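Heads up: numbering here begins at 1 and tracks the sequence. None of these values were measured; they are calculated from a predicted model.
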Amino acid sequence: ARTLPNNKQPLVIQFKRMPRTRTANFIHSPRTIIMDTYKISNVGTKAKEKTGDPFIFTRESPTAYFSFLNASKHTFDYARPPPIYMKLEDINEKRNFSREWINGEFKLEKNGELRVINEDIKERQSGVLKEVFKNMANTLLEGKNITGLSLPVRIFEPRSHMERMLDDFHYFPFYMQRAVASKDAVERLALIMSAVVSGLHHCLSQMKPFNPLLGETFTGQIDAKTSIYLEHINHHPPITAYLIIGDGWKLHGKWLYNAELGPMRTKTFNEGWSTLVFDDGDTYKFNQPAFVLKGLVIGTRTFKVVGSLIAFNEAKGIKGVLKFGEKKKGFMGSMLGSKKNDVVVGQVYKYDAGVHDEALQEKGWLKMLEKLQSTSDAKDVLGKLSGNWLVELKLNDKTLWNIDANAGDYTQHAFGDNPLPSDCRFREDIVWLSFGNEKYAQEWKTALEVQQREDRANRNKNRGTQ
C-alpha cells in the first residue's frame with residue numbers, strides 16, 4: 001500500500017488482469033490515461049506547476065505521486081521539496097566497465113589488491129566518521145535520540161543497494177544462452193561460475209548505495225529476453241528477494257546483506273544461495289564471494305575479493321569451488337604465506353553427499369562456506385579452474401571468460417518502462433542526489449529513515465492484532 005499526495009486531485013492506480021497483457025488505469029481527475037499507451041515511467045518527469053526550480057515537482061503538496069513518506073502527516077516543506085522524477089533515458093545511462101576505466105580508478109598493487117587512486121572519491125568520503133561522531137555528541141547534548149542520525153549523502157551514489165546488486169549479473173544472458181544449449185553438467189557448472197566471475201569487475205564502485213526501504217521494488221531487464229523483479233521484504237535484517245527470468249532459465253533467491261566492521265577493514269557479503277533452474281529441470285545453487293575494503297578511516301584505501309565461489313548440483317552430485325587469493329608460487333611464497341589476492345584457483349569435482357550435507361548444517365554463513373570450500377568432500381576431480389578475477393577464468397586449458405575478448409558480451413541491466421509505484425527510481429533522496437542537490441537529498445534521506453522507524457514501531461505495536 002502506498003501513500004499518495006493528500007490533495008484535491010488524488011491519484012488512484014488500478015491494476016487489472018487483461019488477456020496477454022496487464023493494463024493499468026491512471027485516474028487523475030478529470031482524465032483517464034491507459035498505461036499501455038502512457039507508461040508510468042513518464043509520469044511526474046515535468047513540474048506540475050511553475051515552482052521557480054525546474055527540478056521541483058510542486059510546492060502545493062509534500063510529495064509527488066509516489067512516495068514512501070506518509071503525505072497525510074506532512075505539509076509542503078521548503079527544506080524538503082518533492083522532485084520531478086528522472087526520465088528513463090537518464091536513469092538507464094550507460095556506465096563504463098572497461099579495463100581503461102578500472103586503471104583510471106585503481107592501481108593494482110603487487111599483492112593483488114586494488115588501491116583507490118580516485119582523489120575525488122577519497123576527498124568526499126574523508127572525515128565521515130568524525131562528522132558522525134560530532135553530530136552524535138551534539139544530538140546527545142540536546143537531549144535527543146541518536147537513532148535519528150543519518151549518514152551524509154556525500155559518500156553515497158544515487159542508487160539503491162538492491163539495484164546495484166544487479167551489476168554482477170550483466171554477463172548472465174551471454175553465459176546462460178550457452179548453458180541452455182549444453183547438456184553437459186560440468187560445462188553448465190563452469191558456465192554458471194563464469195557468469196559470476198565475469199561480472200565482479202562491474203562491482204567496483206566505491207560510493208555507498210542507499211539502503212533499500214521496506215517494500216521497495218525494482219522492475220527491469222538485462223536484455224530483451226531477461227526480466228528482473230526485486231523486492232525488499234525485510235528491514236532488520238535487510239533482505240531482498242529476487243527473480244530473474246531468462247530464455248530457458250530462471251534465477252531466484254534472497255540476499256541478506258551483511259558486513260563485518262572493524263577499525264581497519266570492512267568485509268561485506270550476502271548470505272543466501274542463488275538457485276538457478278533450467279527449463280529441463282536441471283538445478284544449481286551458488287553463492288557470491290565477499291568484498292573487503294581497507295583504509296576507510298586511516299591508511300591506504302584498498303579493495304579485494306575474498307572467500308570463495310561455490311556452485312553445486314545436488315541431483316548429479318557435482319560441485320565447483322573457486323578460491324580467491326592464492327599463495328604465490330615459489331619457495332619464498334610458501335615460506336612467507338603471502339598471497340596474490342587477484343588470483344583465483346579451484347576445481348570441479350564429484351562430491352561425497354554425506355560430507356557435503358554435513359557442511360551445509362554448519363551454523364553461521366561464513367563458517368559454512370569455509371567448510372564447503374575445503375573440498376574435503378571431493379571424490380573425483382573433473383576439471384581444474386584457474387585465472388584472475390580481473391582478467392580471465394579457465395577450465396583446464398579452455399578460456400571461459402577474458403575481460404578483453406568478452407568485453408562486448410555483457411548487457412547492462414536497465415530500469416523497465418512500466419514499473420510499480422514502489423520502484424526505487426521514485427525515491428526522493430536518490431532522485432535529488434541524481435540531480436546533484438545534496439542538501440535536499442540529505443533532508444529526504446533523513447525523513448524516509450524516520451518514516452521507516454515509525455512504520456516499524458507501529459507494526460511492533462499492532463503485532464498480534466488485525
Side-chain angles (χ1 to χ4, degrees), residues 160-173 175-176 179-180 188-189 191-200 202-203 209 211-222 225-259 268-291 305 307-316 318-322 356-357 359-369 371-373 413 420 422 424:
S160 173
H161 192 164
M162 68 177 188
E163 180 263 318
R164 194 170 90 169
M165 285 296 301
L166 296 169
D167 288 351
D168 191 36
F169 292 86
H170 292 166
Y171 280 92
F172 260 76
Y175 283 103
M176 291 306 99
V180 168
R188 277 187 169 180
L189 192 68
L191 289 169
I192 292 168
M193 299 179 79
S194 302
V196 176
V197 173
S198 59
L200 290 175
H202 287 203
C203 305
N211 293 334
L213 302 171
L214 184 62
E216 185 178 311
T217 59
F218 172 90
T219 305
Q221 61 278 331
I222 302 179
K225 296 181 179 181
T226 310
S227 301
I228 309 168
Y229 307 94
L230 310 178
E231 181 177 359
H232 197 60
I233 60 174
N234 200 69
H235 195 57
H236 291 291
I239 300 175
T240 293
Y242 58 94
L243 172 64
I244 303 177
I245 303 175
D247 187 15
W249 58 278
K250 289 181 182 178
L251 179 67
H252 65 86
K254 298 173 184 176
W255 293 312
L256 192 162
Y257 310 119
N258 210 335
T268 62
F269 54 95
N270 297 310
E271 296 188 26
W273 296 107
S274 295
T275 301
L276 179 62
V277 183
F278 292 97
D279 283 359
D280 61 9
D282 204 19
T283 302
Y284 298 78
K285 292 184 177 182
F286 63 89
N287 72 309
Q288 291 172 312
F291 300 141
V305 182
S308 58
L309 165 62
I310 301 168
F312 56 91
N313 182 318
E314 291 180 306
K316 297 179 178 177
I318 62 169
K319 180 190 293 185
V321 175
L322 187 67
H356 171 81
D357 293 342
L360 288 175
Q361 302 306 313
E362 182 71 27
K363 292 184 179 180
W365 176 254
L366 295 181
K367 287 185 177 181
M368 179 190 67
L369 292 181
K371 270 203 167 185
L372 287 171
Q373 75 174 21
H413 70 273
L420 294 172
S422 52
C424 58

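In the model, Asn258 has no side-chain atom that pairs as donor or acceptor with a side-chain atom of Asn270 under 3.5 Å. Side-chain contact of Tyr229 with Thr217: a donor-acceptor pair under 3.5 Å is absent, judged by distance alone. Judged by distance alone, the side chains of Glu216 and Ser160 do bring a donor and an acceptor atom under 3.5 Å apart.
The side-chain contact (heavy atoms from CB on, under 4.5 Å) test with Met162 is passed by exactly one of Asn211, Thr240, Leu213: Thr240. Checking each of Glu163, Arg164, His202 against His413 for a side-chain hydrogen bond (donor to acceptor under 3.5 Å, both in side chains) leaves exactly one that passes, namely Glu163. A ring-ring contact (aromatic ring centres under 6.0 Å, His included) with Trp273 is found for exactly one of Phe286, Trp255, Tyr284, Trp365, namely Trp365.
Closest approach of Leu372 to Ile310, counting heavy atoms only: CB-CD1, 3.6 Å. Between Asn287 and Leu309, the closest heavy-atom pair is O-CD1, 3.1 Å. The minimum heavy-atom distance linking Lys319 with Leu189 is given by the pair C-CD2, 3.4 Å. Minimum interatomic distance between Ser308 and Gln373 (heavy atoms only, all atoms of both residues): OG-OE1, 2.7 Å. Nearest heavy-atom pair, Asp282 versus Asp280, reported as atom, atom and distance to 0.1 Å: N-OD1, 3.0 Å. Met368 approaches Ala359 most closely through the heavy-atom pair CG-O, 3.2 Å.
Without hydrogens or angle criteria, Asn234 side chain to Ile239 main chain gives no donor-acceptor distance under 3.5 Å.
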Query raised in the report: Given Tyr257 and Phe269, is the side-chain contact (heavy atoms from CB on, under 4.5 Å) satisfied, shown in steps?
Result: CA-CA 6 Å; Tyr257 310 119; Phe269 54 95; over 6 Å; no
Requested in this report: Mind running side-chain contact (heavy atoms from CB on, under 4.5 Å) on Val305 and Phe291 for me, showing each step along the way?
Outcome: CA-CA 5 Å; Val305 182; Phe291 300 141; 3.7 Å; yes
Query - Audit row: Tyr242, Ser274, side-chain contact (heavy atoms from CB on, under 4.5 Å) steps and yes/no - result: CA-CA 9 Å; Tyr242 58 94; Ser274 295; 2.5 Å; yes
**Report entry** Leu251 vs Phe169, side-chain contact (heavy atoms from CB on, under 4.5 Å): CA-CA, chis, key distance, verdict
**Finding:** CA-CA 11 Å; Leu251 179 67; Phe169 292 86; 3.3 Å; yes
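Residues Ile192 and Leu276 have side chains in contact (heavy-atom distance under 4.5 Å, counting atoms from C-beta outward).
The CZ atom of Phe218 lies 5.5 Å from the CG atom of Leu166; values are rounded to the nearest 0.5 Å. The structure places CG of Asp357 at 6.5 Å from CD of Glu314, a figure rounded to the nearest 0.5 Å. Atom-to-atom distance recorded for Cys424:SG and His232:NE2 is 12.0 Å, nearest 0.5 angstrom. Between the OG1 atom in Thr275 and the CG atom in Leu243 there is a gap of 11.5 Å [rounded to 0.5 Å]. Glu271 CD to Gln288 CD: the interatomic distance, rounded to the nearest 0.5 Å, is 12.5 Å.
For the salt bridge (charged side-chain N to carboxylate O under 4.0 Å, His left out) condition, the pairs that include at least one residue of residues 236-255, sequence neighbours left out, are Lys225-Asp247.
For Thr226, the side chain to side chain contact (heavy atoms under 4.5 Å, CB included) partners at least two apart in sequence or on another chain are Pro173, Ile222, Asp223, Ile244, Trp249. Taking the side chain to side chain donor-acceptor pair (under 3.5 Å) definition, one finds that Thr219 meets it with nothing, sequence neighbours left out.
Judged by the 6.0 Å distance and 45° axis criteria, Arg188 is positioned over the aromatic ring of Phe278.
Look at Lys367 and Glu362 and you find no salt bridge, because none of the NZ, NE, NH1 or NH2 atoms lies under 4.0 Å from a carboxylate O.
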